[in-house]
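A quick note: this is a predicted structure, and the numbers were derived from the prediction, not measured. Along the sequence shown, residues are numbered consecutively beginning with 1.
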Amino acid sequence: MTTTRRRTERQEWNPDLGVLASRLLFSLQDELFTRLAEAGYDDLQPRHGAVLAFLDEDGIRATELARLSGRHKQIVGRIVDELEELGYVERRADPADRRAKLILPTERGLSQVRLGDEIIADIEARHSSEVGARTYAQFRDVLRGVVARRTQFREVTESGATS
């Protein structure tokens, strides 16, 4: 007689892509934001990562942040509001289109972005060392492909829904 495992047991023994992705995300966020807090950026929360991950010195429009992060414009707008209140970003008129606003990091924001990049590079180097550089590079390539196909699917379904 075959016994069927409970879903909880199956997800623990052989987790699906969603469970694996969330475990990876949460563990990465936990380490990143713990290390940032230790460095004096203790006012940041994981939700801020949707904006912070894509900031650079030249600035970026909120619509582009929404596209890159996969979040709705309203959510990105609230996160930008929070980061502006905390002193990490500022809004300025876009020189290419005065009607549009660019989100630019402040000096504090730029310092945080640079440190965040260093922490992520350190985490990736550790994983690469643990599983081997070639295996880790292959893992990233496969994961990038899965994400790209998911992004294409989302764009197709969204454009079909608005047509």
Side-chain angles (χ1 to χ4, degrees), residues 7-9 11-94 100-151 154:
R7 186 167 188 270
T8 305
E9 292 168 339
Q11 288 289 43
E12 186 175 6
W13 173 72
N14 186 21
D16 64 35
L17 182 61
V19 171
L20 290 171
S22 66
R23 286 179 182 167
L24 177 60
L25 173 64
F26 295 147
S27 69
L28 185 116
Q29 285 179 333
D30 184 49
E31 182 173 350
L32 173 63
F33 285 93
T34 296
R35 290 174 64 179
L36 286 170
E38 291 168 354
Y41 301 101
D42 56 347
D43 50 354
L44 293 175
Q45 301 294 319
R47 70 178 173 276
H48 296 135
V51 168
L52 296 172
F54 301 102
L55 284 180
D56 62 40
E57 301 87 358
D58 300 328
I60 188 169
R61 291 183 182 180
T63 53
E64 186 67 0
L65 284 170
R67 185 187 71 77
L68 290 168
S69 68
R71 304 284 173 88
H72 291 284
K73 288 190 304 187
Q74 295 84 353
I75 292 171
V76 168
R78 282 193 295 258
I79 294 170
V80 169
D81 289 342
E82 289 177 18
L83 290 170
E84 193 170 33
E85 287 177 28
L86 294 170
Y88 288 94
V89 300
E90 60 185 355
R91 290 177 169 100
R92 289 191 202 156
D94 185 340
K101 296 283 186 191
L102 286 177
I103 313 304
L104 290 115
T106 60
E107 283 302 314
R108 179 167 173 74
L110 198 53
S111 294
Q112 181 282 320
V113 166
R114 289 178 180 144
L115 178 58
D117 288 349
E118 290 174 18
I119 293 168
I120 294 295
D122 181 55
I123 293 169
E124 290 206 47
R126 187 177 68 238
H127 288 307
S128 179
S129 175
E130 290 169 353
V131 300
R134 183 177 179 159
T135 300
Y136 189 72
Q138 290 171 333
F139 163 74
R140 283 188 45 106
D141 287 345
V142 168
L143 187 58
R144 193 175 8 260
V146 169
V147 170
R149 284 185 291 285
R150 175 62 194 139
T151 301
R154 183 176 176 201

Trainee: Between atom OG of Ser22 and atom CG of Asp16, what is the distance when rounded to the nearest 0.5 Å?
Mentor: 8.5 Å
Trainee: Can you tell me how far apart CD (Gln45) and CD1 (Ile79) are? Round to the nearest 0.5 Å.
Mentor: 11.5 Å
Trainee: Give the minimum heavy-atom separation between Lys73 and Ala66, together with the two atoms involved.
Mentor: CG-CB, 3.8 Å
Trainee: What do you reckon, is CD of Glu130 surrounded by more than 12 foreign heavy atoms closer than 6.0 Å?
Mentor: yes
Trainee: Working note: Glu64 + Arg67, criterion salt bridge (Lys or Arg N to Asp or Glu O under 4.0 Å); need CA distance, chi angles, decisive distance, verdict.
Mentor: CA-CA 5 Å; Glu64 186 67 0; Arg67 185 187 71 77; 2.7 Å; yes
Trainee: Assess the residue pair Arg108 and Leu86 against the criterion (side chain to side chain contact (heavy atoms under 4.5 Å, CB included)); give the C-alpha distance rounded to whole Å, side-chain angles, the decisive distance to 0.1 Å, and a yes or no.
Mentor: CA-CA 10 Å; Arg108 179 167 173 74; Leu86 294 170; over 6 Å; no
Trainee: Looking only at heavy atoms, which two atoms of Leu68 and Phe54 are closest? And how far apart?
Mentor: O-CZ, 3.5 Å
Trainee: Got a donor-acceptor contact below 3.5 angstrom from the Ser69 side chain to the Leu65 backbone?
Mentor: yes
Trainee: Going by heavy atoms in the side chains, are Tyr88 and Leu110 under 4.5 Å from each other?
Mentor: no
Trainee: May I ask you to say whether Glu31 pairs ionically with Arg35, meaning some side-chain N is under 4.0 Å from a carboxylate O?
Mentor: yes
Trainee: To the nearest 0.5 Å, tell me how far His48 NE2 sits from Leu36 CG.
Mentor: 12.0 Å
Trainee: Minimum heavy-atom separation for Leu20 to Pro15, with atom names?
Mentor: CD2-CG, 3.5 Å
Trainee: Hey, what do you get for CG (Leu55) to CG (Asp117), rounding to the nearest 0.5 Å?
Mentor: 10.5 Å
Trainee: Tell me whether Arg114 is salt-bridged to Glu57, with the criterion being a basic N under 4.0 Å from an acidic carboxylate O.
Mentor: yes
Trainee: Quick one: closest heavy-atom pair of Tyr41 and Ser111, and the distance?
Mentor: OH-CB, 3.3 Å
Trainee: I'd like a table of donor-acceptor pairs (distance under 3.5 Å, sequence neighbours excluded) in which one partner is a side-chain atom from residues 132-139, with atom names and distances.
Mentor:
residue	atom	partner	partner atom	Å
Tyr136	OH	Glu124	OE1	3.1

Trainee: Can a salt bridge be assigned to the pair Arg7 and Glu9 using a cut-off of 4.0 Å between side-chain N and carboxylate O?
Mentor: no
Trainee: Can you confirm whether Arg126 is buried at CZ, in the sense that more than 12 heavy atoms of other residues, nucleotides or ligands lie under 6.0 Å from that atom?
Mentor: yes
Trainee: Can you find a heavy atom in the side chain of Arg47 that is under 4.5 Å from one in the side chain of Glu82?
Mentor: yes
Trainee: Say you draw a straight line from CG of Leu17 to CG of Leu24; how long is it, rounded to the nearest 0.5 Å?
Mentor: 10.5 Å
Trainee: Just verifying a value: how many Å separate Leu28 CG and Ile119 CD1, rounded to the nearest 0.5 Å?
Mentor: 10.0 Å
Trainee: What are the two closest non-hydrogen atoms of Glu90 and Thr106, and how far apart are they?
Mentor: N-CG2, 4.3 Å
Trainee: Is any side-chain heavy atom of Arg91 less than 4.5 Å from a side-chain heavy atom of Leu102?
Mentor: no
Trainee: So Val89 and Leu104, do their side chains get closer than 4.5 Å, heavy atoms only?
Mentor: no
Trainee: Check this for me, if you would: do Arg61 and Asp94 make a salt bridge, where the nitrogen-to-carboxylate-oxygen distance has to be below 4.0 angstrom?
Mentor: yes
Trainee: May I ask you to check whether over 12 heavy atoms, not counting those of Glu12, lie within 6.0 Å of atom CD?
Mentor: no
Trainee: Can you see which heavy atom on Arg71 is nearest to which on Ile75, and at what distance?
Mentor: CB-CG2, 4.4 Å
Trainee: One thing to verify: whether Asp141 and Arg144 come together as a salt bridge, which I'm taking to mean a side-chain N less than 4.0 angstrom from a carboxylate O.
Mentor: yes
Trainee: When you compare the side chain of Leu44 with that of Leu83, does any pair of heavy atoms fall below 4.5 Å?
Mentor: yes
